[in-house]
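These notes concern the structure reproduced below.
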Amino acid sequence: MQLSIVAIAQPNATEPDCDPAYAEVCIPPAPPDLDCGDIADRRFRVYLPTDADKPEELTDFDPHGFDGDDDGIGCERG
C-alpha cells in the first residue's frame, strides 16, 4: 500500500479571496459585513492610509470596521 502526502495551502493576505486591508490574516472581503465575533482572529494589523507599506491597490481601509479606534489593530477586545 502506497501512501501519498498532500500539502494543504494555508491562507494568507495575498490570496484573491482575502481582503488586502488586513495584514497577516485572511479575512474575506465584504459583503457580507463581518464583526469581530464572526472571525477567530484577534489583535491583527489593519493597514492605515498613512502606512508606507500598505498595498498600492488598497483604497478601502478597514471595510469591516474591525479597528474602531483607528490605531491599526483589529479586534483588540473580546
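Computed from a predicted model, the values in this text were never measured in an experiment.
Nearest heavy-atom pair across P20 and P55 is O-CG, 3.8 Å. Minimum heavy-atom separation, P29 to D17: CD-O, 3.3 Å.
Using modelled atom types and a 3.5 Å distance limit, the side chains of Y22 and D62 yield a donor-acceptor pair.
Checked against salt bridge (charged side-chain N to carboxylate O under 4.0 Å, His left out), D71 has no partners two or more places apart in sequence or in another chain. For the side-chain hydrogen bond (donor to acceptor under 3.5 Å, both in side chains) test, residues two or more places apart in sequence or in another chain that qualify with D53 are R45.
In summary, of the residues considered (D38, I27, D35), a side-chain contact (heavy atoms from CB on, under 4.5 Å) with H64 occurs for I27 alone.
Between the CZ atom of R42 and the CZ atom of F66 there is a distance of 8.5 Å, given to the nearest 0.5 Å. Between the CZ atom of F44 and the SG atom of C26 there is a distance of 11.5 Å, given to the nearest 0.5 Å.
Hydrophobic clustering, with ILVMFWY side chains joined whenever heavy atoms are under 4.5 angstrom apart, groups I39 together with V25.
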- prompt: Given L48 and D67, is the side-chain contact (heavy atoms from CB on, under 4.5 Å) satisfied, shown in steps?
  reply: CA-CA 10 Å; L48 299 174; D67 183 14; 4.0 Å; yes
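Heavy atoms from other residues, nucleotides or ligands lying under 6.0 Å from CD of E57 number more than 12.
Using a 4.5 Å cut-off on side-chain heavy atoms (C-beta onward), L34 and P28 make contact.
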